[in-house]
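Below, chain A is the first sequence line, B the second, and so on; all start at residue 1. Quick caveat, the model's predicted, so the values are computed rather than measured.
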Number of protein chains: 2
Amino acid sequence: MNTSVLQEKFNGKYKLTWQREIIFRTISKYTDQHPSAEDVYEIIHRQHPVIGLATVYRTLELLSSLGIVQKLDFGDGRHRYEINDCHALHHHHFICISCGKVVEMKGICANTFNAGRNDVDGISVTDYQLYAYGYCKDCEKNQPPPPC
Amino acid sequence: MNTSVLQEKFNGKYKLTWQREIIFRTISKYTDQHPSAEDVYEIIHRQHPVIGLATVYRTLELLSSLGIVQKLDFGDGRHRYEINDCHALHHHHFICISCGKVVEMKGICANTFNAGRNDVDGISVTDYQLYAYGYCKDCEKNQPPPPC
DNA sequence: GTACATGCAAAAGATTTGCACTCTT
DNA sequence: AAGAGTGCAAATCTTTTGCATGTAC
């Protein structure tokens with residue numbers, strides 16, 4: 001994904017500031033690390049100390065509302081962000097309930113919604129997220145019995 | 001689900017206090033409303049003003065860690081809770097990105113994980129959540145084109 | 001030029017925590 | 001009796017907001 005995506009998605013409704021470009025590029029580059037707003041801010045801050053945390057929050061919220069990024073919640077008390085690459089296979093997240101590690105699970109369950117739009121009861125689904133919980137391979141030992 | 005579930009799940013490791021019973025019963029009763037911790041606190045407060053908000057938080061966290069309740073995030077800035085009824089068909093949540101309404105979607109995509117445990121790459125999945133986003137039937141008009 | 005965006009600092013919320021006291025076991 | 005749990009209030013942490021200033025279009 002390159003910056004012209006922003007131009008297109010903003011569609012004249014939002015201004016393409018250099019701050020927004022930097023934030024977008026940072027989230028693009030670090031997308032597999034699922035950075036939080038604070039993380040993005042800190043990465044950027046080294047090179048561009050003038051960009052404020054509030055701008056990072058505002059921009060991530062904007063990109064999220066436009067479907068450019070996905071806002072994730074792994075249950076650790078802050079939101080995390082990744083690029084929403086519509087043309088790639090949807091991937092989902094496995095979260096270890098013992099150590100908190102996050103593992104990407106590509107393609108699982110994707111076929112249910114990947115057709116783009118999906119109507120159920122007059123509802124039109126444009127996107128979805130799947131979170132799986134359990135024990136990662138390092139934590140599989142000492143695990144309690146499953147809840148069911 | 002009745003209170004003896006608690007006795008069993010606590011397994012001697014946690015004490016069965018009347019506060020925990022009340023919180024559990026409240027979340028059981030209001031589970032389809034996905035109450036937040038504050039909501040639970042307020043419902044309980046009418047009858048049991050002595051129970052503190054911190055206890056509600058602590059208990060919901062405990063029940064969540066034991067797999068008795070699911071902690072949900074609909075993106076409105078607070079966590080919400082529902083009973084994790086392992087023996088019922090898993091249900092998921094549709095969240096309208098226009099008005100914020102939440103609609104339950106029963107059974108969709110459930111078969112991917114419903115077999116209980118599911119091993120991928122040494123990972124053992126014990127639970128999962130699926131969030132679908134889009135426009136509810138009241139908001140379908142005036143919707144922008146889908147991101148993909 | 002003008003409306004929108006930013007930076008800063010303060011505010012707002014949600015959730016957690018320290019501590020003295022209480023209660024389950 | 002002992003240790004875990006509770007209530008309260010304060011603390012913490014994330015996210016939002018008001019406002020004066022800056023800037024993309």
Between [N] atom [atom2] and [X] atom [atom1], what is the distance in whole Å?
X	N	atom1	atom2	value
A/F10	C/dC4	CZ	C1'	12 Å
A/L6	C/dA5	CG	P	13 Å
B/R80	C/dT15	CZ	C1'	15 Å
B/Y14	D/dG3	OH	P	17 Å
A/I23	C/dG7	CD1	C1'	12 Å
A/E21	C/dA5	CD	P	15 Å
B/K13	C/dT25	NZ	P	16 Å
A/L62	C/dC4	CG	P	13 Å

**OP:** Under the salt bridge (charged side-chain N to carboxylate O under 4.0 Å, His left out) rule, collect the residues that match up with B/E82, sequence neighbours excluded.
**Re:**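 By the salt bridge (charged side-chain N to carboxylate O under 4.0 Å, His left out) rule, B/E82 matches no residue at all.
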
Original post:
For A/E21, which residues count as a salt bridge (charged side-chain N to carboxylate O under 4.0 Å, His left out) partner, sequence neighbours excluded?
Top reply: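 A/R25.
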
**OP:** Say whether, by atom type as modelled, one donor and one acceptor occur between the side chain of A/T26 and the main chain of A/I44 under 3.5 angstrom.
**Re:**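 No, the answer is negative, given that no donor and acceptor are paired below the 3.5 Å cut-off.
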
OP1 or OP2 of [N] less than 4.0 angstrom from a side-chain nitrogen or oxygen of [X], does that happen here?
X	N	result
A/R78	D/dT15	no
B/H79	C/dT15	yes
B/Q19	D/dG7	yes

Original post:
Under 4.5 Å between side-chain heavy atoms, hopping through other hydrophobics if needed: is there a path connecting B/W18 to B/I43?
Top reply: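 No: no chain of side-chain contacts under 4.5 Å links B/W18 to B/I43.
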
**OP:** Group every Ile, Leu, Val, Met, Phe, Trp and Tyr by side-chain heavy-atom contacts under 4.5 Å, then state whether B/Y30 and B/I51 land in the same group.
**Re:**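 Looking at the clustering, B/I51 is in a separate group from B/Y30.
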
Original post:
Taking C-beta and beyond as the side chain, do B/I68 and B/L62 meet within less than 4.5 Å on heavy atoms?
Top reply: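 With C-beta onward as the side chain, the pair stays apart.
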
**OP:** Determine whether A/R78 and A/E38 make a side-chain contact, defined as any pair of heavy atoms from C-beta on separated by less than 4.5 Å.
**Re:**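 No; the side chains remain at least 4.5 Å from each other.
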
Subject >> Short N-O contact, A/D138 and A/K101, less than 4.0 angstrom >> reply: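 Between A/K101 and A/D138 there is a salt bridge, with a charged N closer than 4.0 Å to a carboxylate O.
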
**OP:** Ignoring the backbone of B/K15, work out which of D/dT6, C/dT25, C/dT6 is nearest its side chain.
**Re:**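 The nucleotide sitting nearest to the side chain is C/dT25.
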
Original post:
Does any donor atom in the side chain of B/Q70 or B/D127 lie under 3.5 Å from an acceptor atom in the other side chain?
Top reply: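 Yes, side-chain donor-acceptor contact under 3.5 Å.
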
Original post:
Is the closest side-chain donor-acceptor distance between B/E104 and B/H34 under 3.5 Å?
Top reply: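 There is such a pair between these side chains.
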
Original post:
In residues 50-59 of chain B, which ones come under 4.0 Å of DNA chain D, going by heavy atoms?
Top reply: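 Within this stretch, B/V50, B/I51, B/G52, B/A54, B/T55, B/R58 sit under 4.0 Å of the strand.
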
**OP:** Please list, by residue number, the residues of residues 29-44 of chain B whose heavy atoms come closer than 4.0 Å to an atom of DNA chain D; answer none if no residue qualifies.
**Re:**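 Output list: empty, so none.
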
**OP:** Applying ring pair (Phe, Tyr, Trp, His ring centres under 6.0 Å), name anything that partners A/Y133, two or more places apart in sequence or on another chain.
**Re:**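 Here no residue qualifies.
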
**OP:** First locate atom OG of A/S36, then atom OH of A/Y41, and finally report the distance between them rounded to the nearest 0.5 Å.
**Re:**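 Rounded to the nearest 0.5 Å, the OG-OH separation comes out at 12.5 Å.
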
Original post:
If an axis is fit to five pairs at each end of the helix from C/dG1-D/dC25 to C/dT25-D/dA1, what is the angle between the two, to the nearest 10°?
Top reply: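 Axis-to-axis angle, ends of the helix: 50°.
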
Original post:
Which part of the nucleic acid, if any, lies within reach of A/G12 when heavy atoms closer than 4.0 Å are counted: base, sugar-phosphate only, or nothing?
Top reply: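 Result for A/G12 = nothing.
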
